[in-house]
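Just so it is clear, the structure is predicted and the values come from calculations on it, not from any experiment.
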Amino acid sequence: MVNKFLFQHIDNSGLVLFRVVFGLLITLEAFGAIATGWVKRTFIEPEFTFHFIGFEFLQPLPGDGMYYYFVVMGIFGIGVMLGYKYRFSMFAYALLWVGVYLMQKTSYNNHYYLMLLLCWIMAFLPAHRWWSLDAKFSAKIKLPSMPRWVLWVLILQVWIVYTYASVAKWYPDWLDTTVVALFMKGKQDYWLIGDFLQLEWVHWCIAYVGIIFDLLIVPFLLWKRTRLIAFFISVFFHLFNSIVFQIGIFPYMSIAFALFFFTPELLQKRFLPKKQLYTAREIIVPKYKNILLGIFSLYFIVQLALPLRHWIFVDDVLWTEEGHRLSWRMMLRSKTGALTVWVVDKATAERSRYNYNQLVTNKQRRSVNTKPDLIWQLAQYIKKKEAEEGRDVAVYMEAMVQVNGGEYFPFIDPKVDLANEPWHPFKHHDWILPSPKDYHQKAQTHIPLKEAD
């Protein structure tokens with residue numbers, strides 16, 4: 001039964017078409033990052049980047065090196081799209097994107113994480129067996145089929161993303177549209193739709209359509225009777241997100257996932273009229289079956305467990321941020337903060353305010369003010385900078401954080417020398433102050449950020 005379900009061969013039209021679209025999108029991601037100034041803002045302008053803790057050895061290339069880095073990525077993306085040296089091109093892009101992802105967290109985005117996972121998954125899939133330069137130059141690799149497990153690996157990955165994204169929204173500030181209203185307030189200057197996005201009923205639609213869409217879109221695409229309407233809803237939903245939230249290639253990648261749900265006959269008729277339609281339904285069990293099952297079982301156990309890890313930490317993830325990343329908690333909350341840094345010279349006991357703005361860009365400052373791991377990394381960097389000047393200092397942080405437009409509350413224990421604190425990836429940090437019971441309470445007044453910079 002397992003052999004028939006996983007190793008029976010099916011037509012590979014969906015995978016082939018997805019490879020082309022995916023290759024185009026990751027190419028646009030690489031070259032677009034240069035054209036829009038993302039590379040400059042993220043890697044060139046900052047004095048240092050907030051890398052993922054434990055990956056200090058991954059540092060941006062000096063000078064204009066990161067521009068060349070992204071050009072090379074774009075070239076490999078073209079290779080993926082054309083199916084030229086596909087395995088090498090996809091593996092190389094995946095490896096380079098891992099570097100981009102781990103080198104910085106200021107521009108952290110769940111969509112970047114999904115792209116990372118898909119790059120590695122695609123590197124091991126036979127997506128170049130048809131309509132590719134590899135298949136054109138080497139007839140022996142040309143095949144119109146693929147084992148069914150290929151299809152289900154991709155569907156399960158997408159299903160996990162959407163399901164956790166829906167469940168994460170089941171909390172008061174999303175359900176009463178507080179979060180949506182805050183997001184839309186920042187869009188009021190949009191041409192034509194700015195005023196429309198401020199309407200209360202629109203906020204309710206966005207909030208609940210988001211929950212329902214994320215929860216049901218994959219089951220509805222799987223069911224033949226609802227597939228077509230689900231596809232059109234998906235197109236509208238993702239184009240709306242693209243226009244309103246401007247989140248790069250993700251909406252178009254999400255639309256492209258529909259290729260795995262439509263029948264090969266339809267895909268061939270619409271996009272690949274010259275392709276051979278595979279109907280033999282052979283069952284070909286590879287010798288490495290057990291290894292394959294073991295790898296993917298472990299992979300999906302990790303994918304199911306990671307979004308739940310915040311429950312092992314003390315306090316609310318919305319406050320502490322512990323367990324937030326890699327958990328599909330997308331477009332979920334609005335946080336602002338104010339940070340004051342103090343250093344104490346251990347030799348003289350002199351305490352002075354430290355102007356950390358000289359070390360970070362505006363983009364980095366907005367992130368560091370509300371995220372404890374970035375605050376900790378800033379303390380480590382300040383200690384290092386001061387040590388280069390011959391001073392051994394303790395670093396103290398006074399932080400105030402506001403969640404979803406609520407009141408500002410103290411966030412970091414100002415009595416703890418963060419420069420002397422170790423980082424624990426799987427343990428709560430006691431220097432993160434407990435969340436006040438009323439930290440969701442709507443604010444009547446706000447503390448201007450400039451007062452605590």
### Message
Does Glu45, at its CD atom, have more than 12 non-hydrogen atoms belonging to other residues, nucleotides or ligands within less than 6.0 Å?
### Response
yes
### Task
Any chance you could measure Ile432, atom CD1, to Phe411, atom CZ, to the nearest 0.5 Å?
5.5 Å
### Other residues, nucleotides, ligands: >12 heavy atoms within 6.0 Å of Tyr288 OH
no
### Message
Run the side chain to side chain contact (heavy atoms under 4.5 Å, CB included) test against His310 and tell me which residues pass, sequence neighbours left out.
### Response
Val317, Arg329
### Task
Determine yes or no for a side-chain-to-main-chain donor-acceptor pair under 3.5 angstrom, with Arg281 supplying the side chain and Gln8 the backbone.
no
### Task
Verify whether the ring centers belonging to Phe237 and Phe213 lie closer than 6.0 Å.
yes
### Query
Do Ser132 and Asp134 have a side chain donor and acceptor closer than 3.5 Å?
no
### Query
Rounded to the nearest 0.5 Å, what separation is found between the CG atom of Leu95 and the SG atom of Cys119?
11.0 Å
### Query
How about Leu114 and Trp328: do any of their side-chain heavy atoms sit closer than 4.5 Å?
yes
### Flag if over 12 foreign heavy atoms under 6.0 Å of NZ, Lys85
no
### Message
Under a plain distance cut-off of 3.5 Å, with no hydrogens placed, do His203 and Thr177 share a side-chain donor-acceptor pair?
### Response
no
### Task
Determine whether the aromatic ring centres of Phe48 and Phe50 lie less than 6.0 Å apart.
yes
### Query
Any side-chain donor-acceptor pair under 3.5 Å between Ser327 and Arg309?
yes
#### Entry: Within the 6.0 Å centroid threshold, strictly below: Phe91 and Trp120
yes
#### Entry: Neighbour count >12 (heavy atoms, 6.0 Å) for atom OH, Tyr84
no
### Query
Charged N to carboxylate O below 4.0 Å: is that the case for Glu265 and Arg270?
no
### Query
Taking atom types as modelled, is there a side-chain donor on Glu56 or His51 under 3.5 Å from an acceptor on the other?
no
#### Entry: Arg129 side chain to Ile141 backbone, donor-acceptor under 3.5 Å
yes
### Message
Contact between Phe70 and Phe43 at the side-chain level, heavy atoms closer than 4.5 Å - yes or no?
### Response
yes
### Message
Assess, by modelled atom type and distance only, whether the side chains of Asn3 and Lys289 contain a donor and an acceptor separated by less than 3.5 Å.
### Response
yes
### Task
Starting at CZ of Phe245, measure out to NE2 of His111 and round the result to the nearest 0.5 Å.
10.0 Å
#### Entry: N/O donor-acceptor pair under 3.5 Å between Asp11 side chain and Tyr278 backbone
yes
## Note on the structure
In terms of heavy-atom contacts, Leu277 and Pro264 come closest through CD1-CB, 3.9 Å
### Task
Spell out, as yes or no, whether a donor-acceptor pair under 3.5 Å connects the side chain of Arg227 to the backbone of Leu222.
yes
### Query
Is it the case that Tyr171 and Asn404 place a side-chain donor and acceptor less than 3.5 Å from each other?
yes
### Query
At what distance, to the nearest 0.5 angstrom, does CG of Asn110 lie from CG of Leu116?
12.0 Å
### Task
State, to 0.1 Å, how close Tyr190 and Ile243 come at their nearest heavy-atom pair, and which atoms those are.
CE2-O, 3.7 Å
### Query
So, for Phe257 and Phe18, is the gap between ring centers shorter than 6.0 Å?
yes
### Query
With side chains defined as the heavy atoms from C-beta onward, is the minimum distance between Val100 and Leu96 less than 4.5 Å?
no
### Query
Can you list the steps and then say if His429 with Trp423 is a ring-ring contact (aromatic ring centres under 6.0 Å, His included)?
CA-CA 8 Å; His429 298 88; Trp423 182 259; 4.1 Å; yes
### Task
Taking only Lys NZ, Arg NE, NH1 and NH2, and the carboxylate oxygens of Asp or Glu, determine whether Asp373 and Arg325 approach each other closer than 4.0 Å.
yes
### Task
Kindly say whether the aromatic ring centers of Phe313 and Phe426 come within a distance under 6.0 Å.
no
### Query
Atom CZ of Arg19 and atom CH2 of Trp130: how far apart are they, to the nearest 0.5 Å?
12.5 Å
### Message
Can a donor-acceptor pair be found, under 3.5 Å and without considering hydrogens, that links the side chain of Glu282 to the backbone of Ile284?
### Response
no
### Message
Less than 4.5 Å apart, side chain to side chain, heavy atoms only: is that true for Ile160 and Leu304?
### Response
yes
### Task
To the nearest 0.5 angstrom, please state how far the CD atom of Glu322 sits from the NE2 atom of His424.
10.5 Å
### Query
Considering only heavy atoms from C-beta outward, does the side chain of Tyr252 approach that of His238 to under 4.5 Å?
no
### Aromatic Phe52 / basic Lys105 pairing, under 6.0 angstrom, 45° off normal
yes
#### Entry: Heavy-atom check, side chain of Met115 versus side chain of Tyr93, under 4.5 Å
yes
#### Entry: Salt bridge present between Lys169 and Asp214 (N-O < 4.0 angstrom)
yes
### Task
Output yes when Glu321 and Lys335 qualify as a salt bridge under the 4.0 Å nitrogen-oxygen rule, no when they do not.
yes
### Any side-chain donor near an acceptor of the partner, Tyr299 and Gln157, under 3.5 Å
yes
### Query
Is the backbone of Gln246 close enough, under 3.5 Å, to the side chain of Asn241 for a donor and an acceptor to pair up by distance?
no
### Close side-chain approach of Val401 and Tyr408, heavy atoms under 4.5 Å
no
### Message
Give me the atom names and distance for the closest heavy-atom approach of Thr226 to Ile229.
### Response
O-CG2, 3.1 Å
### Message
I'd like to know if the side chain of Thr336 pairs up with that of Gln402 as donor and acceptor (distance under 3.5 Å, no hydrogens or angles considered).
### Response
yes
### Task
May I ask you to check whether Ser435 and Asp315 show a side-chain donor-acceptor distance below 3.5 Å?
yes
### Donor + acceptor pair across side chains of Ser367, Tyr108 (<3.5 Å)
no
### Task
Of all the heavy-atom pairs spanning Asn369 and Leu339, show the shortest one and how long it is.
OD1-CB, 3.3 Å
### Any donor-acceptor N/O pair, Trp131 side chain to Ser13 backbone, under 3.5 Å
no
### Task
Would you indicate whether the side-chain heavy atoms of Phe183 and Met331 approach each other to under 4.5 Å?
yes
